[in-house]
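The chains referred to below are lettered A, B, ... by the order of the sequence lines, with proteins before strands, and numbering in each begins at 1.
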Amino acid sequence: MIEWSPTTIKAFQTTLLTWYDTAGRDLPWRRDQEPYHVWVSEIMLQQTQVQTVIPYYERFMAWFPTVTALAEAPEERLLKAWEGLGYYSRVRNMQRCARQLLADYEGQWPQTAAALTELIGIGPYTAGAIASIAFNEPVPAVDGNAYRVFSRLLEIDADITKPGTRQLFERVISRIMPHDRPGDFNQAIMDLGASYMTARQPDTEHSPVKVFNQAYLDGKELDYPVRTKKPRPQPIDYVAVVTKMGPDWLMTQRGSQGMLANLWTVPLIKLADLDLPTETVPSAELVTAVIAYFKREYQLTLTAEPLAVRPVTHTFTHQKWTIQLLSGQVAPADLAFFAGKSVNEEALSQLPMPKVQTKIWDRYHSAEAK
DNA sequence: AAGTCGTGGGG
DNA sequence: TCCCCAAGACT
């Protein structure tokens with residue numbers, strides 16, 4: 001890692017901010033410095049690209065224009081606003097945070113990063129982003145862009161996946177950022193990281209800060225940032241039972257903890273939870289086992305048949321699901337033992353559903369069409 | 001400290 | 001198909 005002189009730091013600040021003033025992106029959440037706007041955008045942007053976020057942000061602001069509106073919204077509406085964005089605990093934590101603000105802060109945002117960190121769902125990065133952008137506090141906002149940009153500029157070879165590395169970057173960036181325009185500086189770093197200093201195919205030759213990029217000058221740009229790779233997703237087998245009860249669809253709500261919490265799917269059963277002798281299962285035996293499962297777990301009498309379609313596959317960060325599809329039917333009955341409800345098409349469209357459920361519908365309809 | 005928690009895009 | 005990556009936080 002290299003060190004910059006005060007002169008170099010000054011030159012970098014001027015070059016970066018001059019570039020940002022003319023080339024900075026015009027984004028919906030940059031129209032003002034409202035902390036609510038900054039906050040919503042920052043939460044949405046966690047692990048998510050700008051292009052994906054923009055339409056979600058616009059709709060979210062239309063549905064929940066204020067902290068109070070967010071605090072009072074039904075959770076199903078919140079999840080519907082977040083449907084497809086992923087990491088759904090983000091939006092549930094946002095509502096907890098909104099209620100926390102109203103209950104403990106008289107509806108007023110704390111104005112320092114240190115205080116913002118006390119709020120639910122706001123970690124070190126988001127606290128720095130809100131404090132610098134909305135309240136002009138000269139604090140860094142260390143996200144993936146900051147890791148990538150500064151590790152290359154200064155050839156910092158600390159592993160960014162290690163807890164503790166963030167503090168190193170915070171110390172370095174604190175010394176470099178200008179105290180008069182901290183929000184613009186942090187956002188300029190993000191714009192730089194999303195344009196000339198991307199992860200795979202950087203265009204440093206045309207970058208405004210090319211001459212400050214030590215890794216590039218040394219021909220080692222793609223060696224940064226240093227990170228340890230993640231394990232591959234664990235495979236898990238499921239059976240999806242697309243079930244009609246009379247004219248309605250049988251839908252289950254997932255539990256309040258864990259993956260896809262509180263979202264809705266068709267009944268989804270882990271193959272391991274069926275009493276099956278082997279891993280490779282003839283479809284007839286699978287149907288029998290699922291019928292027994294419906295009786296045992298839901299007290300529902302199911303009739304079912306296999307669907308002649310390829311299994312649905314869906315990969316999450318840590319799991320890869322392979323889902324066999326069955327078509328089923330139950331007589332209108334008591335759903336007291338079933339964690340869900342039957343819904344018509346109209347009600348179905350109101351339920352928040354994960355991407356994997358969309359894939360199940362698509363595959364199911366492809367079978368019906370044949 | 002290391003796992004958990006989604007989805008879309010690109011090579 | 002698979003891997004990696006993208007404005008992280010929580011446990």
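Near-neighbour residues of DNA chain C inside residues 112-135 of chain A, defined by a heavy atom below 4.0 Å, number-ordered: A:I120, A:G121, A:I122, A:G123, A:P124, A:Y125, A:T126. The stretch residues 63-90 of chain A comes close to DNA chain B through A:G84, A:L85, A:G86, A:Y87, A:Y88, each having a heavy atom under 4.0 Å from the strand. Of the residues in residues 16-35 of chain A, not one comes within less than 4.0 Å of DNA chain B through any heavy atom. Within a heavy-atom distance below 4.0 Å of DNA chain B, the residues of residues 175-206 of chain A found are A:R200, A:Q201. Of the residues in residues 47-59 of chain A, those placing a heavy atom less than 4.0 Å from an atom of DNA chain B are A:Q47, A:T48, in numerical order.
One finds a salt bridge joining A:D184 and A:R181 here, because a Lys/Arg side-chain nitrogen approaches an Asp/Glu carboxylate oxygen to under 4.0 Å.
Taking the six-membered ring where tryptophan is involved, the planes of A:F12 and A:W4 are tilted, since the angle between them lies from 30° to 60°. A perpendicular orientation is assigned to the rings of A:Y298 and A:F294, their planes being inclined by more than 60° (bins at 30° and 60°).
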Report task. Kindly indicate, with the supporting measurements, whether the criterion side-chain contact (heavy atoms from CB on, under 4.5 Å) is fulfilled by A:V209 and A:W19. Result -> CA-CA 9 Å; A:V209 297; A:W19 170 74; over 6 Å; no
Query raised in the report: Would A:T204 and A:S207 satisfy side chain to side chain donor-acceptor pair (under 3.5 Å), going step by step from the backbone distance to the final call?
Result: CA-CA 5 Å; A:T204 309; A:S207 163; 5.9 Å; no
Report task. Evaluate the salt bridge (charged side-chain N to carboxylate O under 4.0 Å, His left out) criterion for residues A:R31 and A:E58: first the C-alpha distance (whole Å), next the side-chain angles of each, then the deciding distance (0.1 Å), finally the verdict. Result -> CA-CA 12 Å; A:R31 291 168 192 159; A:E58 302 279 22; 3.5 Å; yes
Query raised in the report: Which is it for A:T265 and A:T252 under the side-chain contact (heavy atoms from CB on, under 4.5 Å) test, yes or no, and what are the steps along the way?
Result: CA-CA 5 Å; A:T265 69; A:T252 70; 3.5 Å; yes
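Here the P atom of nucleotide B:dC5 and the CZ atom of A:R92 are 11 Å apart, to the nearest Å. To the nearest angstrom, C1' of B:dC5 lies 14 Å from CG of A:N262. For the pair A:K229 NZ and B:dG3 C1', the interatomic distance rounds to 18 Å; values are reported in whole Å. In this structure, the CG atom of A:L45 is 16 Å from the P atom of B:dG8, given to the nearest Å. One interatomic measurement links the two molecules: CE of A:M44 to P of B:dG6, which rounds to 16 Å at whole-angstrom precision.
Remark: A:H318 is not in phosphate contact with B:dC5, judged by side-chain N or O atoms under 4.0 Å from OP1 or OP2.
With no hydrogens or angles considered, no side-chain donor-acceptor pair links A:Q46 and A:Y125 at under 3.5 Å. Side-chain contact annotation: A:W249 with A:E345, donor-acceptor N/O pair under 3.5 Å present.
How far CE of A:M353 is from CZ of A:R254: 14.0 Å, rounded to the nearest 0.5 Å.
Contact of the A:P178 side chain with the A:L17 side chain is registered, since non-hydrogen atoms from C-beta on lie closer than 4.5 Å.
One hydrophobic cluster holds both A:I2 and A:M197 under the rule that ILVMFWY side chains link at heavy-atom gaps under 4.5 Å.
Between the side chain of A:K80 and the backbone N or O of A:S349, at least one donor-acceptor pair lies under 3.5 Å.
Taking the ring centroids of A:F316 and A:H314, they lie under the 6.0 Å cut-off.
First and last contacting nucleotides of DNA chain C toward chain A (any atom under 4.0 angstrom from a heavy atom, 5' to 3' order): C:dC2 to C:dC10.
Where A:P231 and A:F316 meet DNA chain B, the nucleotide closest to each residue was compared, and A:P231 sits on the side nearer the 5' end.
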